[in-house]
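Please read these numbers as outputs of a predicted model, since none were measured by experiment.
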Amino acid sequence: MNWNDCIERTNTHSVKWSYPQEDVIPMCIADMDFQVSPAIVEALQKKAAHGIYGYTTFSDRYFDSIIGWWDKQYGIKIQKEWISFSPGIIPGINVLLSVLTEPGDGVILQDPVYYPFYSTIEAHGCTVLKNTLLYENGRYEMDFDDLEEKARSSKAKVLILCSPHNPVGRVWTKEELERVAAIAKEHDLWIISDEMHGDLVFEGNQHLPFIQADPSVRDRTIVCSAPSKTFNIAGLQTSILMIPNKELKRSSHPSG
């Protein structure tokens, strides 16, 4: 990749570059202005050249690419049966909330957090329970006392964990994730772990998938991920849900 190329994106229907002001630097959306890897361009061109765009299945290469990436990046063995396709993480969370909650249930968010989570929760008639992060000594931390209190609520059914956190940028430690897992087990919470930015961490940090931090909560955890930020392909809408719980997997994705 050539990091010095300046790609003209105005008048291309880009969400990021649709502003009329010429002196505005758009930072409203996580969308890189570098071209993708030539290998991705080549693969898309090859597929487009086939000339037929009918219904398709998910090939073994699709599953193998996910399994191989997570093994290489995080040393975790993902099972093919856990993987479900989603056009995006928010659509995936919509499906999950439709299965896991009833109107009036509470969903815990650790704000300040990615804003579409709020409307997604409210669209299902659920209540947002804010477990606000603490800003101390230039660093955001989880408020575990408040998280315990929110989890104890009779309304609380789900915690949406943003890991690494968007927008505060925290990469949660193993100890922090283990404390979240302990609270989830004690209060019978489902964990939806949005790990979209797991590949993009500063040197000296290591993203730890929630299902690896504490395998004992694996059956109550759904990991949401995507290659969109890592490889700058958000417009291709290729997200995944990892659902180890077989019963939940059938309920949220009847075709398996």
Side-chain angles (χ1 to χ4, degrees), residues 1 12-15 30-32 35-101 114 116-117 120 123-124 158 160 163 190-200 207 209-212 215 218-256:
M1 296 176 65
T12 63
H13 303 287
S14 164
V15 173
D31 182 334
M32 288 182 267
Q35 281 192 330
V36 300
S37 165
I40 296 174
V41 175
E42 182 181 347
L44 289 171
Q45 289 173 336
K46 182 178 179 180
K47 185 65 177 177
H50 184 254
I52 298 176
Y53 314 119
Y55 295 108
T56 59
T57 61
F58 293 100
S59 68
D60 287 339
R61 289 182 62 195
Y62 168 79
F63 293 104
D64 290 346
S65 67
I66 297 168
I67 293 168
W69 184 261
W70 279 68
D71 187 18
K72 177 183 177 181
Q73 291 292 101
Y74 310 117
I76 184 171
K77 305 297 183 183
I78 300 298
Q79 296 180 24
K80 176 181 177 181
E81 293 73 23
W82 298 355
I83 301 170
S84 290
F85 168 81
S86 175
I89 286 182
I90 292 300
I93 292 177
N94 263 296
V95 173
L96 293 169
L97 291 181
S98 72
V99 176
L100 298 175
T101 67
Y114 184 51
F117 289 157
T120 302
H124 290 273
V158 176
I160 297 180
S163 178
W190 288 94
I191 304 292
I192 299 175
S193 185
D194 172 11
E195 303 188 11
M196 166 77 82
H197 295 91
D199 295 327
L200 305 176
H207 169 63
F210 193 72
I211 54 176
Q212 190 178 32
R218 190 164 285 177
D219 267 358
R220 65 173 71 245
T221 300
I222 306 94
V223 172
C224 306
S225 186
S228 55
K229 305 304 180 188
T230 306
F231 297 102
N232 196 26
I233 53 173
L236 297 185
Q237 297 183 295
T238 53
S239 298
I240 56 173
L241 307 178
M242 296 185 206
I243 310 175
N245 187 303
K246 293 180 180 179
E247 183 177 345
L248 176 62
K249 175 76 181 295
R250 286 192 295 268
S251 299
S252 60
H253 188 50
S255 62

Asker: So, for W82 and K249, which heavy atoms are closest and what is the spacing to 0.1 Å?
Answerer: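 Scanning both residues, the minimum pair turns out to be C-NZ, 4.0 Å.
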Asker: Side-chain contact test, heavy atoms from C-beta onward, threshold under 4.5 Å: evaluate it for I90 versus Y114 and give yes or no.
Answerer: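 With C-beta onward as the side chain, the pair touches.
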Asker: Checking R220 now: which residues fulfil salt bridge (charged side-chain N to carboxylate O under 4.0 Å, His left out) with it, not counting sequence neighbours?
Answerer: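 Salt bridge (charged side-chain N to carboxylate O under 4.0 Å, His left out) check on R220 returns D188.
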Asker: Applying side chain to side chain donor-acceptor pair (under 3.5 Å), name anything that partners K80, two or more places apart in sequence or on another chain.
Answerer: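 Partners of K80 under the side chain to side chain donor-acceptor pair (under 3.5 Å) test: D60.
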Asker: Hey, could you give me the NZ/CE distance between K229 and M32, rounded to the nearest 0.5 Å?
Answerer: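 Going from the NZ atom of K229 to the CE atom of M32 covers 8.5 Å.
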Asker: Which label fits F58 and Y62: parallel for a plane angle under 30°, tilted from 30 to 60°, or perpendicular past 60°?
Answerer: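 If you compare the ring of F58 with that of Y62, the planes turn out tilted.
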Asker: Distance-only criterion, 3.5 Å: show the donor-acceptor pairs between side-chain atoms of residues 191-199 and protein atoms not counting sequence neighbours.
Answerer:
{"unit_1": "S193", "atom_1": "OG", "unit_2": "E195", "atom_2": "OE2", "d": "2.7"}
{"unit_1": "D194", "atom_1": "OD1", "unit_2": "M196", "atom_2": "N", "d": "3.1"}
{"unit_1": "E195", "atom_1": "OE1", "unit_2": "H207", "atom_2": "NE2", "d": "2.9"}
{"unit_1": "E195", "atom_1": "OE2", "unit_2": "F210", "atom_2": "N", "d": "3.0"}
{"unit_1": "D199", "atom_1": "OD1", "unit_2": "W69", "atom_2": "NE1", "d": "3.4"}
{"unit_1": "D199", "atom_1": "OD1", "unit_2": "Q73", "atom_2": "NE2", "d": "3.3"}
{"unit_1": "D199", "atom_1": "OD1", "unit_2": "Y74", "atom_2": "OH", "d": "2.5"}
{"unit_1": "D199", "atom_1": "OD2", "unit_2": "W69", "atom_2": "NE1", "d": "3.2"}
{"unit_1": "D199", "atom_1": "OD2", "unit_2": "T230", "atom_2": "OG1", "d": "2.7"}

Asker: Side-chain contact, heavy-atom cut-off 4.5 Å: I40 with I233?
Answerer: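 A side-chain contact exists here, since the closest heavy-atom pair is under 4.5 Å.
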Asker: Could you go step by step and tell me if V15 and D31 meet the side chain to side chain contact (heavy atoms under 4.5 Å, CB included) rule?
Answerer: CA-CA 9 Å; V15 173; D31 182 334; over 6 Å; no
Asker: So, for N245 and W190, which heavy atoms are closest and what is the spacing to 0.1 Å?
Answerer: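 Looking at all heavy atoms of both residues, the closest pair is ND2-CH2, 3.7 Å.
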Asker: To the nearest 0.5 Å, what is the distance between CD (Q212) and CZ (R218)?
Answerer: 8.0 Å
Asker: Can you see which heavy atom on I83 is nearest to which on I67, and at what distance?
Answerer: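 Closest pair (atom of I83, atom of I67, distance): CD1-CG1, 4.1 Å.
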Asker: Enter the distance from F63:CZ to Q79:CD here, rounded to the nearest 0.5 Å.
Answerer: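 Going from CZ on F63 over to CD on Q79, the span is 13.0 Å.
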Asker: Just distance, no hydrogens or angles: give the donor-acceptor pairs under 3.5 Å from side chains in residues 234-241, sequence neighbours left out.
Answerer:
none

Asker: Between A48 and Y53, what is the shortest heavy-atom contact and its length?
Answerer: O-OH, 2.6 Å
Asker: For a side chain to side chain contact (heavy atoms under 4.5 Å, CB included) check, start with the C-alpha distance between S86 and V95, then their side-chain angles and the critical distance, and finish with the verdict.
Answerer: CA-CA 10 Å; S86 175; V95 173; over 6 Å; no
Asker: Could you measure the distance from the CD1 atom of I89 to the OG1 atom of T120? Nearest 0.5 Å is fine.
Answerer: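 Reported value, rounded in 0.5 Å steps: 11.5 Å.
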Asker: Sequence neighbours excluded, which residues qualify as side chain to side chain donor-acceptor pair (under 3.5 Å) partners of N94?
Answerer: H124
Asker: Applying salt bridge (charged side-chain N to carboxylate O under 4.0 Å, His left out), name anything that partners K46, two or more places apart in sequence or on another chain.
Answerer: none
Asker: Report yes if the side chains of L100 and I222 come closer than 4.5 Å at any heavy-atom pair, otherwise no.
Answerer: yes
